[in-house]
Trainee: 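First the structure, which I've put down as structure tokens, then a few questions once you've had a look.
Excluded from the calculations below are hydrogen atoms, water molecules and symmetry mates; all remaining heavy atoms, backbone and side chain alike, are included. Just so we're on the same page: letters track the sequence lines, and every chain starts at 1.
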Protein chains: 2
Amino acid sequence: MNPNQILQSLIAENLVSDPNGARGRLLKEAARLFREKGYERTTVRDLAAAVGIQSGSLFHHFRTKEEILKAVMVETIRLNTALMQAAMEAAETPKDKLRALVRAELESINGQTGEAMAVLVFEWRSLSEDSQAEVLELRDIYEALWLDVLGTLRDQKRLLADPFVVRRMLTGALSWTVTWYRPERGGLTLDGLTDQVMAMLGFPPAS
Amino acid sequence: MNPNQILQSLIAENLVSDPNGARGRLLKEAARLFREKGYERTTVRDLAAAVGIQSGSLFHHFRTKEEILKAVMVETIRLNTALMQAAMEAAETPKDKLRALVRAELESINGQTGEAMAVLVFEWRSLSEDSQAEVLELRDIYEALWLDVLGTLRDQKRLLADPFVVRRMLTGALSWTVTWYRPERGGLTLDGLTDQVMAMLGFPPAS
DNA sequence: CAATACCAAGCAAGCGCTTGGTTTGTAAAC
DNA sequence: GTTTACAAACCAAGCGCTTGCTTGGTATTG
């Protein structure tokens, strides 16, 4: 199943909004603005202007501004969990599975859904505590994928550090790429960056 | 020179404010509040209340709210650059120097100045572009320390990935610890965490 | 003809910051 | 050792503006 098929099936199941529909377009623009200016600095008037409606009209689609932020996060996690699962199932060895996860997470952060992923990382505290708890639950599924693979590598002594710690370090390291990685400028491709991460962990690229 | 001596000499040179003075106390409370609630969600009334004065009185010490944020960041960088330099000079081999840097950065993030360091990482975008440029310049000194050590290890083939990329990954990974590392609860000490980071990079702890 | 999507207008609250005047600390002048 | 001078630190009040959100009404669509 390719990435586009995954998106389509999630739309069909009503788990993510169609980016062509009104709601989906708003969420996409919201993700862009939240990343660009931050959630607090983005006003409902900014959001409305971005999709060409009046600010009051937003509240027919969402009850509050925070609900928009939450929707961006929830749909992003749903999509990316599905993408990760697919990427990992396609790989065979633990090392390849790890590479697939790293590659998929880098793609999530720096690719199409990158804006929404950045929002997920940097606007976390703007969510109310209740919403945080809800979103956190979705993230656990996603984290289990990583711990499984890292645990296997650890058992094989190919990873020297604790899987929990490594996963958390990788979360930070990979998220942070959003602040500096610019594929269009430098020579480093996404695959190249993935190789660098693997090399850093002591898995040199197959020659 | 121990950490406290370093702080004292920086105060003497007027590079950081005395935490016992009015200005220093405000900056400390500001760091705490900015980290806890975020810069945008912290009002000047919150800041004033935290040090027991009226909101208007803040503006005798700082011209704008943003100037407070900038001061927190500038003083934090100054202090931590000095701490890093000291930590590194005390080490001998490149591996020990790297460990000293990792340990010092973890200490910066999770220790006394942790609140201010977290502000530096997460409230970056709340600074105006001009202020960002100023602060960035200070950071470059600090980054040069890292690249020097990582470059040496790379030349010795003890590091497989590109120093620039590794440094950026470490920036993300180490900063991120602020979101999950709780030394008071878990069994992992700062030294233990440092060992884990080194192990992840392929430098097993000396047995 | 109902439901959905939207507009135009604006409210109440909260924001950063200003203003004019008072207190406090310090040190020279008598 | 009291008085005078003056700046720094602070208060009380509030201005002008922006914010998230509401309201009552009007197109648009199946």
Trainee: What integer distance in Å separates B/Leu58:CG from D/dA13:P?
Mentor: 18 Å
Trainee: Rounded to whole angstrom units, what separation is found between the CD1 atom of A/Ile53 and the C1' atom of D/dT28?
Mentor: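 Rounded to the whole Å, the gap is 15 Å.
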Trainee: Quick one: closest heavy-atom pair of A/Glu123 and A/Phe34, and the distance?
Mentor: OE2-O, 3.6 Å
Trainee: Which sits closer to the 5' end of DNA chain D, B/Gly52 or A/Arg41, going by the nucleotide each is nearest to?
Mentor: B/Gly52
Trainee: Roughly how many Å is it from CZ in B/Arg23 to C1' in D/dC10, rounded to a whole number?
Mentor: 18 Å
Trainee: Picking from C/dT18, D/dC21, D/dC10, which would you name as closest to the side chain of B/Phe59?
Mentor: C/dT18
Trainee: Please confirm whether the shortest side-chain N or O distance from B/Ser57 to OP1 or OP2 of D/dC11 is below 4.0 Å.
Mentor: yes
Trainee: With B/Ser108 as reference, evaluate B/Asn80, B/Thr76, B/Thr113 under the side-chain hydrogen bond (donor to acceptor under 3.5 Å, both in side chains) test and give the passing residue.
Mentor: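 The option that passes is B/Asn80.
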Trainee: So what does A/Thr64 touch, heavy atoms closer than 4.0 Å: a base, only the sugar-phosphate, or nothing?
Mentor: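 Sugar-phosphate, backbone atoms only, no base.
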Trainee: Rounded to whole Å, how long is the line connecting atom CD of A/Gln54 with atom P of D/dG20?
Mentor: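 It works out to 15 Å between those atoms.
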Trainee: How many whole angstroms separate atom NE2 of A/His60 from atom C1' of C/dC7?
Mentor: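 Atom-to-atom, A/His60 to C/dC7, this comes out as 9 Å.
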Trainee: Can you find a donor-acceptor N/O pair under 3.5 angstrom joining the side chain of B/Arg45 to the base of C/dG14?
Mentor: no
Trainee: Please tell me if B/His61 has a side-chain N or O lying less than 4.0 Å from either OP1 or OP2 of D/dC10.
Mentor: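 Answer is yes, contact under 4.0 Å.
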Trainee: Over how many whole Å does the gap from A/Asp46 atom CG to D/dG20 atom P extend?
Mentor: 8 Å
Trainee: Taking the minimum atom-to-atom distance to the side chain of B/Ser55, which one of C/dC17, D/dC10, D/dG20 wins?
Mentor: C/dC17
Trainee: Using a 6.0 Å distance limit plus a 45 degree cone around the ring axis, check whether B/Lys65 lies over the aromatic ring of B/Tyr39.
Mentor: yes
Trainee: Indicate, with a heavy-atom threshold strictly under 4.0 Å, whether A/Thr43 touches base, sugar-phosphate, or nothing.
Mentor: sugar-phosphate
Trainee: Please determine if B/Arg139 forms a cation-pi arrangement with B/Trp124, meaning its NZ or CZ atom is less than 6.0 Å from the six-membered ring centre and no more than 45° off the ring axis.
Mentor: yes
Trainee: Quick one about B/Ser126 and B/Glu40 (side-chain donor to acceptor, distance below 3.5 Å, no hydrogens or angles considered), yes or no?
Mentor: yes
Trainee: Using whole Å, report how far NZ of A/Lys65 lies from P of D/dT22.
Mentor: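 Those two atoms, NZ and P, are 15 Å apart.
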Trainee: Can you measure A/Phe62 atom CZ to C/dA5 atom P for me and round it to whole angstrom units?
Mentor: 11 Å
